[in-house]
Amino acid sequence: MLRRRAGPRAAAPGAAWRSDEEKDKKSAGAAAAAMPNIKIFSGSSHQDLSQKIADRLGLELGKVVTKKFSNQETCVEIGESVRGEDVYIVQSGCGEINDNLMELLIMINACKIASASRVTAVIPCFPYARQDKKDKSRAPISAKLVANMLSVAGADHIITMDLHASQIQGFFDIPVDNLYAEPAVLKWIKENIPEWKNCTIVSPDAGGAKRVTSIADRLNVDFALIHKERKKANEVDRMVLVGDVKDRVAILVDDMADTCGTICHAADKLVSAGATKVYAILTHGIFSGPAISRINNACFEAVVVTNTIPQEDKMKQCPKIQVIDISMILAEAIRRTHNGESVSYLFSHVPL
């Protein structure tokens, strides 16, 4: 019936051209609808990193007001329209972790019910990542609980960095991009350690062996690992070095350091095994409790961390701490996700 109504006029020379033009307009409109405008909001955990990401992308941070009621309930007000927008919320798992996590969940939910087309949580340091398995009776798997909470709040996508265990990605039913600090770490080693060709990359525990072998292969140097036995959490009992560091620069690499008991013990072990210098490179420098005094008293040349967690105060207390900026990696991941491009380039390259 539709074909009959089109009749001979449909075959007019300009008609086919017009219909093609209309198709192009429709497809362009569909592309614009599929690629909505982008908004970036910052939680209160790491404003500096959020601002660097926004500056890198040439965007303004979205207006958001977070406050607490007198009974310590968190209240979030999104100060601009997010209807049909592609929303990114930057909130790291540091400082007051529980408050910051709750704030992130509320922000995600606020954007979702305000008709945002997609909400992505950018979590440079994933909270509760160490509670990822049931290692003893009645232990909780809190990382899975956090994953469920983020999904239920309305997150459509997660961007994070150097998860404590990459299997945490499997706790989610939504896409998770686990970015690596490794390319930035390799760049720092080559630029700041003159003797890097005569170094050994050392893992302070067996769990980090895969991370260390990857870096050692990329630098074409040897690796070693330290086997540790714990009697209870945050306390190391004894350590055994597997590998040779005699007359070499030892570079300890780990994904996070909290109280720094492990890396400081490891540094002493490496020096006693004949290492000439010891560096520590960590993605997430949590540095809680006695960490700063331990680093000051330990034999490190430098302790290098990324800025997934704010480090300004720690750097004032400890001159050994140096920071690698990873805001450009997160910014590029956001740009590529927004434009529907592949993110895998970032697994082996630092964006220029």
Side-chain angles (χ1 to χ4, degrees), residues 45-53 90 92-97 100 123-127 129-130 160-162 164 179-196 199-205 208 211-212 215 226 234 236 249-271 275-330 350:
S45 66
H46 201 341
Q47 294 271 359
D48 181 49
L49 180 65
S50 306
Q51 190 60 58
K52 282 181 176 166
I53 291 170
V90 183
S92 201
C94 56
E96 299 286 335
I97 287 188
N100 289 338
I123 312 172
C125 179
F126 194 84
R130 284 177 287 184
T160 185
M161 180 165 268
D162 273 350
H164 188 61
L179 304 171
Y180 301 119
E182 183 183 298
V185 166
L186 291 167
K187 187 166 177 261
W188 190 92
I189 290 172
K190 287 175 180 174
E191 288 175 359
N192 294 276
I193 302 177
E195 323 88 316
W196 66 267
C199 74
T200 302
I201 312 292
V202 186
S203 173
D205 58 8
R211 185 181 300 108
V212 161
I215 290 174
I226 290 169
N234 290 350
V236 179
V249 173
I251 305 173
L252 279 162
V253 177
D254 207 355
D255 68 316
M256 64 169 65
D258 189 354
T259 55
C260 292
T262 302
I263 61 162
C264 291
H265 272 108
D268 294 341
K269 187 81 187 168
L270 291 167
V271 168
T276 55
K277 289 181 183 175
V278 181
Y279 293 84
I281 303 181
L282 319 154
T283 305
H284 309 297
I286 300 167
F287 301 145
S288 63
I292 296 297
S293 63
R294 281 176 175 171
I295 292 171
N296 280 326
N297 296 328
C299 50
F300 291 113
E301 293 290 313
V303 175
V304 183
V305 294
T306 69
N307 59 343
T308 55
I309 293 172
Q311 301 293 350
E312 288 76 22
D313 295 343
K314 310 278 185 358
M315 287 170 78
K316 287 172 189 165
Q317 298 170 42
C318 178
K320 291 181 185 176
I321 295 175
Q322 297 183 30
V323 173
I324 300 172
D325 181 21
I326 48 82
S327 61
M328 68 286 199
I329 297 175
L330 293 168
V350 181

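Only heavy atoms go into these numbers, but all of them, side chains included; no hydrogens, no water, no symmetry mates.
- With sequence neighbours left out, the side-chain hydrogen bond (donor to acceptor under 3.5 Å, both in side chains) criterion links Glu96 to no other residue.
- Residue pairs satisfying the salt bridge (charged side-chain N to carboxylate O under 4.0 Å, His left out) criterion with at least one member in residues 278-288, sequence neighbours excluded, are absent.
- By the 4.5 Å heavy-atom criterion applied to side chains, Thr308 and Leu49 are not counted as neighbours.
- A search for salt bridge (Lys or Arg N to Asp or Glu O under 4.0 Å) contacts involving Asp254 returns Arg211, not counting sequence neighbours.
- A donor-acceptor contact closer than 3.5 angstrom links the side chains of Asp162 and Thr283.
- Smallest separation of non-hydrogen atoms from Asn100 and Cys94: ND2-O, 2.7 Å.
- The minimum heavy-atom distance linking Ile263 with Ala257 is given by the pair CD1-CB, 4.4 Å.
- Between His164 and Phe126, every side-chain heavy-atom pair lies at or beyond the 4.5 Å cut-off.
- Shown here are the salt bridge (Lys or Arg N to Asp or Glu O under 4.0 Å) partners of Lys269, two or more places apart in sequence or in another chain: there are none.
- For the pair Leu282 and Phe287, the minimum side-chain heavy-atom distance is below 4.5 Å.
- A 4.5 Å side-chain heavy-atom check between Lys314 and Val305 finds every atom pair outside the cut-off.
- For the residue pair Ile123 and Thr160, the shortest heavy atom distance occurs at O-OG1, 2.7 Å.
- Applying the salt bridge (Lys or Arg N to Asp or Glu O under 4.0 Å) criterion to Lys277, with sequence neighbours excluded, gives Glu195.
- Residues Val323 and Met315 share a closest heavy-atom pair of CG2-SD, 3.5 Å.
- Thr259 places a side-chain heavy atom less than 4.5 Å from the side chain of Ser288.
- Using a distance-only test at 3.5 Å, with no hydrogens or angles considered, a donor-acceptor pair links the side chain of Asn307 to the main chain of Ile326.
- The two residues His46 and Ser92 make their nearest non-hydrogen contact at CB-CB, 4.5 Å.
- Screening Val212, Val202, Ile193 for a side chain to side chain contact (heavy atoms under 4.5 Å, CB included) with Ile251, the sole residue that qualifies is Ile193.
- Going from atom CD1 of Ile292 over to atom CD of Gln317 covers 5.5 Å, rounded to the nearest 0.5 Å.
- Checked by atom type and distance alone, the side chain of Asp48 never pairs as donor or acceptor with a backbone atom of Gln51 at under 3.5 Å.
- Every residue meeting the ring pair (Phe, Tyr, Trp, His ring centres under 6.0 Å) condition with Tyr180, not counting sequence neighbours, appears here in chain and number order: Phe347.
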Evaluate side chain to side chain contact (heavy atoms under 4.5 Å, CB included) for Ile329 paired with Met161, printing each intermediate quantity in order. CA-CA 10 Å; Ile329 297 175; Met161 180 165 268; 3.9 Å; yes
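- Summarising the geometry of Ile295 relative to Cys260, their closest heavy-atom pair is CD1-SG, 3.8 Å, with the distance given to 0.1 Å.
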